[in-house]
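In what follows, a single structure is set out as structure tokens and then discussed.
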Amino acid sequence: MRLLLFQRFVLISLFFGGLDTGYATDAFSTIIKPVFQQHCVQCHGENGKVKGKVNLLEIQTISDLSQDLEVVQELIEVIDFEEMPPEDEPLIAPETRKELLGALESVLAHEIHRKKQFSRAPIRRMNRFQYHNAVTDLFDLNRVVFALPERMMREHRDYFKPETGKMGDFVTVGSRPLGKSQLIEPRLSGVAPFPQDLRAEHGYDNRGDHLSLSPLLMESFLKLSQSITGSPDFGPKSVGIWKTFFEPPARDLSLVEETKTRLSSFLTIAFREPVEPEVLNRYHHFAIDRIEAGIPYTEIMKSVAAAAIASPKFLYLYDQSTSDQETERIDDLELASRLSFFLWGSIPDEELLDLAAENKLHQPAVLESQFRRMVTDQKLKRFCDSFPAQWLQLERIISSTPNRKEFPEFYTTKFRKSMHMMAEPLLLFETVLIENQPITQLIDSDFTYRSPQLTQIYGKTLATPQSHIDEVPPEERRGTGGPVVLGFDRIPVTDRRNGGVITNAAVMTMTSGPERTQPITRGAWIAGVIFNNPPEPPPADVPALGEKPPEGEEHLTLRERLSQHRERSDCKGCHEQIDPLGFALENYNPIGKWREKYHNGREIDISGTLFRKHNFNSVEGFKDAILAEKDRFARAFAGHLLSFALARELGPADQPSLDRIAEAAMEDNYKIQTLMKELILSESFLSKTNPLNPSPTTANAPSVP
């Protein structure tokens with residue numbers, strides 16, 4: 001695990017009390033440069049060989065090193081994960097490695113302290129999920145605006161109750177692969193959504209660099225807004241603010257003044273800040289002109305509302321520009337939006353906006369209080385509908401099609417059991433969050449959720465879930481024409497081959513092909529999702545391994561067949577990283593069922609070493625190895641969450657925040673809500689670097705790859 005924060009400060013004081021003290025030069029000349037010369041430059045600089053576009057021969061002084069913090073961060077990561085030097089090169093002695101890592105981290109910490117610049121989060125529009133939620137909250141709708149297939153697991157019978165701090169022992173859900181029947185829910189007729197936003201590679205669907213707004217899409221938003229307020233279902237029974245905004249005022253009220261008061265409140269919530277007088281006047285004059293023209297009041301306010309939700313002030317998310325190249329704290333209104341879109345996927349409510357207007361929201365006690373309120377609010381379900389599925393990359397299960405002849409148990413008459421598979425890790429995540437359990441439960445849980453159909457996939461490795469079909473109303477059961485409801489029991493994990501997100505059937509299936517498992521894909525998934533250290537894409541000229549062994553190789557194990565990929569020098573480094581992670585899961589077949597042998601009768605060998613120091617030869621041993629690195633997992637998970645919260649890629653300046661977040665979670669038994677609370681209190685979450693005229697460095701920040 002990376003050095004703890006206080007250790008870093010010790011190193012900073014020792015090596016970098018000031019760049020003119022000589023400590024920096026000494027550290028570079030006595031630790032960093034000698035290791036580079038002995039272990040690194042053979043592949044990174046000598047004889048024109050520059051792997052990974054990193055030429056360490058060009059780094060001759062401490063100034064050379066500190067000029068590119070991206071390179072420093074990359075060096076820290078490959079050393080921390082023990083990816084370099086490769087296994088067939090002389091290894092760095094443990095004590096030397098520790099000194100090197102400390103020196104590099106001190107360089108990074110010193111430069112960040114000297115001139116901190118966060119990656120810029122570019123101006124972006126709301127994604128489809130956020131837009132839907134924002135419209136729902138703005139009008140206080142009691143139905144959905146339009147269908148959202150990206151909500152992979154639908155709640156039935158109100159099982160999600162964060163205010164209780166407890167998940168039920170039996171829950172009922174729906175799932176996206178069930179098809180259109182899952183979209184049968186009260187919604188505004190005549191409203192068609194814009195296309196779904198795609199998840200960024202190693203990121204999330206809220207990233208600014210993926211959320212542009214073309215003129216064509218801008219026109220679509222205008223038509224969409226008009227279809228929302230013009231829907232025949234948009235009326236007193238569905239709109240919570242109908243009486244206070246759309247219904248004509250009482251006769252004893254001034255129509256002009258009442259309309260202006262209504263617009264001021266409505267636009268302040270819609271635009272997430274006090275509406276500017278000239279903007280308010282523009283909307284107000286529009287309404288009064290039409291009132292004088294004799295147009296019905298309700299129709300006028302519908303037109304005004306449609307214009308508001310098509311306005312850039314509603315659609316765009318952004319931070320105000322900073323005065324220069326320096327980092328600044330975000331103001332309270334920006335904080336309200338950042339907090340609300342993180343936890344609720346929507347606009348701030350009145351309580352957040354009122355605290356922001358009073359300039360109180362940034363106060364730590366107030367911010368903590370609001371966090372506690374928000375994580376016990378029903379709208380937290382939106383976070384669970386967005387982050388965990390993307391973090392786990394569960395959208396990949398939708399396209400999984402195991403060979404029907406080989407794996408008939410994956411299929412029922414009409415559906416695939418992927419609908420049951422994806423619910424298991426999502427229910428696990430929701431339980432850990434609602435009950436504020438340690439995030440280590442995500443690796444090796446002592447409970448899980450199973451349906452009888454899912455038990456058919458796994459076999460009887462755990463207690464058989466009871467049938468609760470009688471608890472589901474007849475109109476919700478399969479075959480009635482309505483949405484199909486799936487029932488899941490919470491059961492204890494008595495066999496550690498089960499439990500957690502890394503050994504569930506959804507992940508095992510989506511990281512396999514139709515005929516066989518794909519250890520490389522599984523290993524890359526573990527590296528990226530669990531350790532937030534995704535490997536580079538493979539070279540384009542590396543042929544994919546066939547689903548079935550070619551003639552003459554039927555007797556080989558999959559490990560033996562894949563060994564040829566390690567022979568290429570440009571593939572070796574990544575395979576040393578991901579192969580042990582993938583083969584550790586080889587006992588699970590392409591649909592997640594346990595097996596001991598391959599079809600050819602050969603024994604499955606899952607033995608390996610994690611980070612060159614944790615040996616394992618069983619799935620239980622592999623989980624133990626990961627848990628031995630739970631500090632690393634906590635930091636990696638914090639990185640995923642922080643990137644999602646900030647809607648940008650993280651950079652070197654975010655590393656101290658990640659340390660503080662992870663360390664606070666460690667001190668409180670890795671509880672997930674502690675980690676999330678520390679995230680919103682972190683400097684990264686509360687700061688911005690958004691100069692009006694960006695320098696070349698900030699203009700090319702990692703948030704805009």
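All values reported here derive from a predicted model rather than from experimental measurement.
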Closest heavy-atom pair and its distance - Phe616, Ile606: CE1-O, 3.2 Å

Under 3.5 Å donor-acceptor, Ser445 side chain and Phe447 backbone: yes

Phe387 and Tyr204 aromatic centres sub-6.0 Å: yes

Arg151 vs Phe129 side-chain heavy atoms within contact, under 4.5 Å: yes

Geometric cation-pi criterion Arg416 and Tyr411, 6.0 Å radius, 45° cone: no

Any residue meeting ring-ring contact (aromatic ring centres under 6.0 Å, His included) with Tyr159, in chain and number order, not counting sequence neighbours: none

Pairing residues for Phe146 by the ring-ring contact (aromatic ring centres under 6.0 Å, His included) criterion, not counting sequence neighbours: His132

Derivation of the side chain to side chain contact (heavy atoms under 4.5 Å, CB included) call for Tyr449 and Asp489: CA-CA 5 Å; Tyr449 281 88; Asp489 278 291; over 6 Å; no

Tyr131 and Phe194 aromatic ring geometry - parallel, tilted or perpendicular at 30°/60° bounds: perpendicular

Interatomic spacing from NZ in Lys597 to CD1 in Ile604 - rounded to 0.5 Å: 10.0 Å

Minimum side-chain heavy-atom gap Phe170-Arg157 below 4.5 Å: yes

Polar side-chain atom of Thr164 near backbone of Lys161 as donor-acceptor pair, under 3.5 Å: yes

Donor-acceptor contact below 3.5 Å, side chain Trp594 vs main chain Arg497: no

Interatomic spacing from CD1 in Ile491 to CG in Leu462 - rounded to 0.5 Å: 4.5 Å

Any donor-acceptor N/O pair, Ser231 side chain to Ser227 backbone, under 3.5 Å: no

Short N-O contact, Glu586 and Arg595, less than 4.0 angstrom: yes

With Glu596 via salt bridge (charged side-chain N to carboxylate O under 4.0 Å, His left out) - residues at least two apart: none

Whether Ser400 side chain and Arg396 backbone form a donor-acceptor pair below 3.5 Å: yes

Lys NZ or Arg CZ of Arg450 over Tyr458 ring: under 6.0 Å, within 45°: yes

Side-chain heavy atoms of Pro402 within contact of Pro514, under 4.5 Å: no

Lys/Arg cation over aromatic Phe371: Lys677, 6.0 Å, 45° cone: no

Salt bridge Arg382-Asp377, side-chain N to carboxylate O under 4.0 Å: no

Among Leu641, Leu646, Asn206, side-chain contact (heavy atoms from CB on, under 4.5 Å) partner for Phe342: Leu641

Partners meeting salt bridge (charged side-chain N to carboxylate O under 4.0 Å, His left out) with Arg128 (sequence neighbours left out): Glu150

Atom pair CD1 (Ile502) and CH2 (Trp525), whose distance is rounded to the nearest 0.5 Å: 7.5 Å

Partners meeting salt bridge (charged side-chain N to carboxylate O under 4.0 Å, His left out) with Lys623 (sequence neighbours left out): Asp444

Full working for side chain to side chain contact (heavy atoms under 4.5 Å, CB included) between Ile397 and Val507: CA-CA 8 Å; Ile397 190 68; Val507 172; over 6 Å; no

Test: Arg496 and Asp624 ion pair at under 4.0 Å: yes

Results of ring-ring contact (aromatic ring centres under 6.0 Å, His included) for Phe341 - residues two or more places apart only: none

Charged N-O contact under 4.0 Å between Arg199 and Asp205: no

Close side-chain approach of Leu581 to Arg522, heavy-atom, < 4.5 Å: no

Residues in side chain to side chain contact (heavy atoms under 4.5 Å, CB included) contact with Asn436, at least two apart in sequence or another chain: Lys671, Ile672, Gln673

Between CD on residue Gln577 and CZ on residue Phe531, distance to nearest 0.5 Å: 10.0 Å

Arg373: side-chain hydrogen bond (donor to acceptor under 3.5 Å, both in side chains) partners, not counting sequence neighbours: Asp349, Glu351, Gln370

Side chain to side chain, Met421 and Ile457, heavy atoms closer than 4.5 Å: yes

Side-chain heavy atoms of Phe139 within contact of Ile309, under 4.5 Å: yes

With Ser238 via side-chain hydrogen bond (donor to acceptor under 3.5 Å, both in side chains) - residues at least two apart: none

Expected output: side-chain Glu395 to main-chain Gln390 donor-acceptor under 3.5 Å: no

His640 side chain to Gly528 backbone, donor-acceptor under 3.5 Å: yes

Expected output: side-chain Thr172 to main-chain Gly487 donor-acceptor under 3.5 Å: no

Nearest-0.5 Å distance that lies between atom CD1 in Ile526 and atom CG in Leu585: 5.5 Å

Listed partners of Glu155 passing salt bridge (charged side-chain N to carboxylate O under 4.0 Å, His left out), at least two apart: none

Parallel, tilted or perpendicular: ring planes of Phe429 versus Phe383, cut at 30 and 60 degrees: tilted

Interatomic spacing from CG in Asn587 to OG1 in Thr503 - rounded to 0.5 Å: 11.5 Å

is_close_aromatic(Phe637, Trp391), centroid dist under 6.0 Å: yes

Pair Thr448, Glu424: side-chain N/O donor-acceptor within cut-off below 3.5 Å: yes

Residues that Lys379 engages under side-chain hydrogen bond (donor to acceptor under 3.5 Å, both in side chains), provided they are two or more places apart: none

Qualifying residue for side chain to side chain donor-acceptor pair (under 3.5 Å) with Ser346, from Thr136, Asp137, Asn133: Asp137

Partners meeting side-chain hydrogen bond (donor to acceptor under 3.5 Å, both in side chains) with Asp446 (sequence neighbours left out): Gln441

Donor-acceptor contact present, side-chain Asp233 to main-chain Ser189, <3.5 Å: yes

Side-chain heavy-atom pair Asp197, Arg125 within 4.5 angstrom cut-off: yes

Lys417 vs Glu409, salt bridge (Lys or Arg N to Asp or Glu O under 4.0 Å): CA-CA, chis, key distance, verdict: CA-CA 8 Å; Lys417 289 182 181 171; Glu409 62 268 46; over 6 Å; no

Close side-chain approach of Phe234 and Val239, heavy atoms under 4.5 Å: yes

